[in-house]
Amino acid sequence: MKKYSILILLIFAGLQGCFNYPIDEDGLLITEREECYVSNFELLNTDHQTVRTKNPVIDTLAQTIDVEVRWGTNLAKLWPQFTLVTDAKLDPKITGWTDFSDLNSPKQWTVISGNRKVKKVYTVNISVQQLNP
């Protein structure tokens with residue numbers, strides 16, 4: 001059994017050398033895809049629950065994402081989640097909580113296409129739900 005495992009590993013290692021897929025600085029495959037857009041957006045609080053009151057409005061032409069959050073949301077500690085077109089990536093990477101508390105200075109992220117040639121800057125605009133009197 002051990003001999004077969006070693007043989008399989010050697011075959012796999014040999015096949016790996018036959019394919020020279022380009023990779024970027026993040027270790028991700030560079031593909032031929034030129035598409036570059038956000039298809040969905042989510043905002044989570046520290047309990048990993050959504051803070052959105054309704055679906056985000058994503059304008060792929062204007063490259064904006066408009067999101068309304070519940071009244072009382074701690075805007076200083078939210079976790080944005082982007083769903084991107086296949087093979088695209090986001091810059092800067094999201095590695096922790098993001099502070100959205102300055103509503104006059106929207107946050108921006110760049111979506112980079114699979115071929116790494118197309119870059120589009122998306123602006124995330126946050127608004128807070130108004131309470132009805």
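Just the heavy atoms: all of them, side chains too, but no hydrogens, waters or symmetry mates, feed the values below.
- In this structure, W109 and F100 have tilted ring planes: the angle between them lies in the 30° to 60° band.
- Going from atom CG of N45 over to atom CG of D47 covers 5.0 Å, rounded to the nearest 0.5 Å.
- Taking CG of L29 as the start and CZ of R116 as the end, the distance is 8.5 Å to the nearest 0.5 Å.
- P56 has its side chain within reach of I65: a pair of non-hydrogen atoms, C-beta onward, lies under 4.5 Å apart.
- Of the N and O atoms on the side chains of S113 and E34, not one donor lies less than 3.5 Å from an acceptor on the other residue.
- Of all the heavy atoms in V69 and T53, the pair that sits closest is C-CG2, 3.7 Å.
- In the hydrophobic cluster analysis, where Ile, Leu, Val, Met, Phe, Trp and Tyr join through side-chain heavy atoms closer than 4.5 angstrom, V67 is grouped together with L131.
- Here the shortest heavy-atom pairing between Y122 and T64 reads CD2-N, 4.0 Å.
- Here the side chain of S39 pairs a donor or acceptor atom with the backbone of T83 at under 3.5 angstrom.
- The salt bridge (Lys or Arg N to Asp or Glu O under 4.0 Å) check on R70 picks up nothing, with sequence neighbours excluded.
- Separating the CG atom in L84 from the CZ atom in F41 is a distance of 11.0 Å, to the nearest 0.5 Å.
- I30 and V118 end up in different hydrophobic clusters when Ile, Leu, Val, Met, Phe, Trp and Tyr side chains are linked at under 4.5 Å.
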side-chain contact (heavy atoms from CB on, under 4.5 Å), that's the test. Do L90 and I112 meet it? Break it down for me. CA-CA 6 Å; L90 197 63; I112 304 169; over 6 Å; no
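- Taking CD of Q49 as the start and OG1 of T73 as the end, the distance is 12.0 Å to the nearest 0.5 Å.
- Between Y37 atom OH and T60 atom OG1 the span is 8.5 Å, to the nearest 0.5 Å.
- Nearest heavy atoms, N55 versus R52: CA-NH1, 3.1 Å.
- Residues E68 and S127 bring no donor and acceptor atom of their side chains to less than 3.5 Å of each other.
- When all heavy atoms of Q129 and W71 are compared, the pair lying nearest together is OE1-N, 3.3 Å.
- Side chains of E35 and T86: no donor on one and acceptor on the other come within 3.5 Å.
- Of the possible polar contacts, one joining the Q130 side chain to the V128 backbone as a donor-acceptor pair under 3.5 Å is found.
- When all heavy atoms of L44 and T50 are compared, the pair lying nearest together is CD2-N, 3.7 Å.
- Taking both residues in full, the closest heavy atoms of C36 and V111 are given as SG-O, 2.9 Å, listed atom of the first, atom of the second, then distance.
- Among residues at least two apart or in separate chains, salt bridge (charged side-chain N to carboxylate O under 4.0 Å, His left out) pairs with a member in residues 82-100 are D24-K89, E25-K89, D26-K89, D26-K93, R33-D87.
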Residue pair I126, L75: steps toward the side-chain contact (heavy atoms from CB on, under 4.5 Å) verdict: CA-CA 9 Å; I126 304 290; L75 299 176; 4.2 Å; yes
Residues I94, F82; criterion side-chain contact (heavy atoms from CB on, under 4.5 Å); working and verdict: CA-CA 9 Å; I94 298 170; F82 292 81; 3.6 Å; yes
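- Here CG of N74 is found 7.5 Å from OG1 of T46. Values are rounded to the nearest 0.5 Å.
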With side-chain contact (heavy atoms from CB on, under 4.5 Å) as the criterion, how do L78 and T98 come out once you've worked through the C-alpha distance, each side chain's angles and the decisive distance to 0.1 Å? CA-CA 5 Å; L78 295 174; T98 302; 5.6 Å; no
